[in-house]
Amino acid sequence: MTRDELTEQSTLTVVPDQEGGSAAGIFRSRIAVLIFFAAILLVAPPVFSQSMAVPVRDTSLGPPAIAWVTRTVSAHRVVQRTFQSAAAKTAVSYHLYLPAAYDREPGRRFPVVYWLHGSGGGLAGIPAVARHFDEAIQAGKTPPCLVVFVNGLEMGMYVDWSNGAAPVETVIVRDLVSHIDATYRTVAAREGRLLDGFSMGGYGSARFGFKYPEMFRAISIVGAGPLQETLTSTPRASRVRAEELLARVYGGSQARFRQEGPRALAKANAMTISTGSLVRIVIGSSDETYENNAAFHEYLKSLKIPHDWIVLKGIGHDPEAVLKALGDANWSFYRKAFGAR
């Protein structure tokens with residue numbers, strides 16, 4: 001019996017007994033009403049009991065989101081493509097911005113920007129970033145380039161996970177880069193590759209750039225995290241979330257987190273980076289990760305790794321606000337990376 005049927009039936013039972021207006025009849029009618037209302041409560045709890053429930057905030061990361069193929073994002077001059085990854089053993093998607101010059105000049109090869117998104121997957125930011133590049137290229141502020149919006153998973157950390165479930169680093173550095181060079185007219189050398197990323201993507205940019213300086217010449221580290229020496233807590237995550245992330249990605253090992261982090265990688269390859277790489281760190285003065293970025297800046301100085309240290313006054317952890325505050329200074333880094341004046 002549905003709730004509507006029960007309600008209808010209970011309504012009918014409250015009609016006064018016009019045949020015999022005895023007290024006993026009225027009493028029996030009232031008992032019947034109570035019985036039917038009890039049935040309603042047992043069979044179908046009323047809606048108001050749900051609306052009054054207080055939601056419990058889930059502070060856990062939940063099950064791993066390993067979505068190697070994402071939904072398609074609609075953006076100007078952006079297409080979604082997939083490639084077969086040997087590391088992931090499946091198809092992996094990426095989005096790609098192609099400048100108008102790519103169609104106009106079929107004999108030309110173009111540098112490539114690998115854009116590493118932050119936690120959450122980064123799909124929502126693709127249209128704004130693509131528009132940002134397109135407007136700058138059209139205005140002649142930076143040379144035409146391809147922009148590859150990688151799929152680094154929602155919380156992939158740009159690391160091969162300890163348990164083997166998500167070889168994010170290998171998928172991107174080995175499989176995706178070789179696919180891009182084989183499929184498009186690229187400058188297939190370190191001089192033609194620039195890493196850029198925000199937040200988790202800034203961490204990934206530092207990791208890839210310092211671990212593979214022979215592959216990537218230019219390294220842009222923006223609003224990056226986590227740059228601290230241990231993953232016990234972070235400025236933008238609770239201790240519980242930090243512990244869950246450490247367990248999922250790094251096998252619960254602080255030693256592995258340090259080994260895989262930009263600090264250890266920069267130290268291991270300091271000479272190569274200092275003589276051949278172009279590095280910048282960009283951070284807002286109001287960003288919660290500012291102190292960790294400042295400490296990382298000092299650490300690179302101690303390793304004698306040249307880099308630009310750019311602090312944007314009053315800017316928080318907001319990628320669009322960062323790009324707006326950088327203005328044309330952003331493109332001077334790109335021009336220098338791509339050998340343009």
Worksheet item: CD1 of Ile273 to CD1 of Ile305: how many Å apart, nearest 0.5 Å?
Response: 4.5 Å
Worksheet entry | salt bridge (charged side-chain N to carboxylate O under 4.0 Å, His left out) between Arg207 and Glu260, worked out | CA-CA 8 Å; Arg207 282 202 74 253; Glu260 295 289 354; 2.7 Å; yes
Discussion item. Within the supplied structure, the quantity of interest is the number of heavy atoms (other residues, nucleotides, ligands) at a distance under 6.0 Å from Glu191 CD; does it exceed 12?
Written reply: yes
Discussion item. Has Arg131 got a side-chain atom pairing as donor or acceptor with His76's backbone, closer than 3.5 angstrom?
Written reply: no
Worksheet item: Which value, rounded to the nearest 0.5 Å, describes the distance between Asp318 atom CG and Ser286 atom OG?
Response: 11.5 Å
Worksheet item: Just wondering, are more than 12 heavy atoms of other shown residues or ligands nearer than 6.0 Å to CD in Glu320?
Response: no
Discussion item. Could you tell me if the side chain of Pro262 sits less than 4.5 Å from the side chain of Phe296, heavy atoms only?
Written reply: yes
Discussion item. Just to verify, which of Trp331, Tyr334, Tyr97 counts as forming a ring pair (Phe, Tyr, Trp, His ring centres under 6.0 Å) with His132?
Written reply: Trp331
Worksheet item: Looking at Tyr114, is Arg193 sitting on its ring face, NZ or CZ under 6.0 Å from the six-membered ring centre and within 45 degrees of the normal?
Response: no
Worksheet item: Is the shortest distance from a Lys or Arg side-chain nitrogen in Glu244 or Arg241 to a carboxylate oxygen in the other one below 4.0 Å?
Response: no
Practice prompt. Answer yes or no for Arg185 and Tyr102: cation-pi contact, defined as NZ/CZ to six-membered ring centre under 6.0 Å and angle to ring axis within 45°.
Written response: yes
Worksheet item: Checking side-chain contact (heavy atoms from CB on, under 4.5 Å) for the pair Val79/His95: CA distance, chi angles, key distance, verdict?
Response: CA-CA 6 Å; Val79 294; His95 284 78; over 6 Å; no
Item to complete: Nearest 0.5 Å please: distance from the CG atom of Asp328 over to the CZ atom of Phe333.
Response: 15.5 Å
Fill in: From CD1 (Ile315) to NZ (Lys324), nearest 0.5 Å
9.0 Å
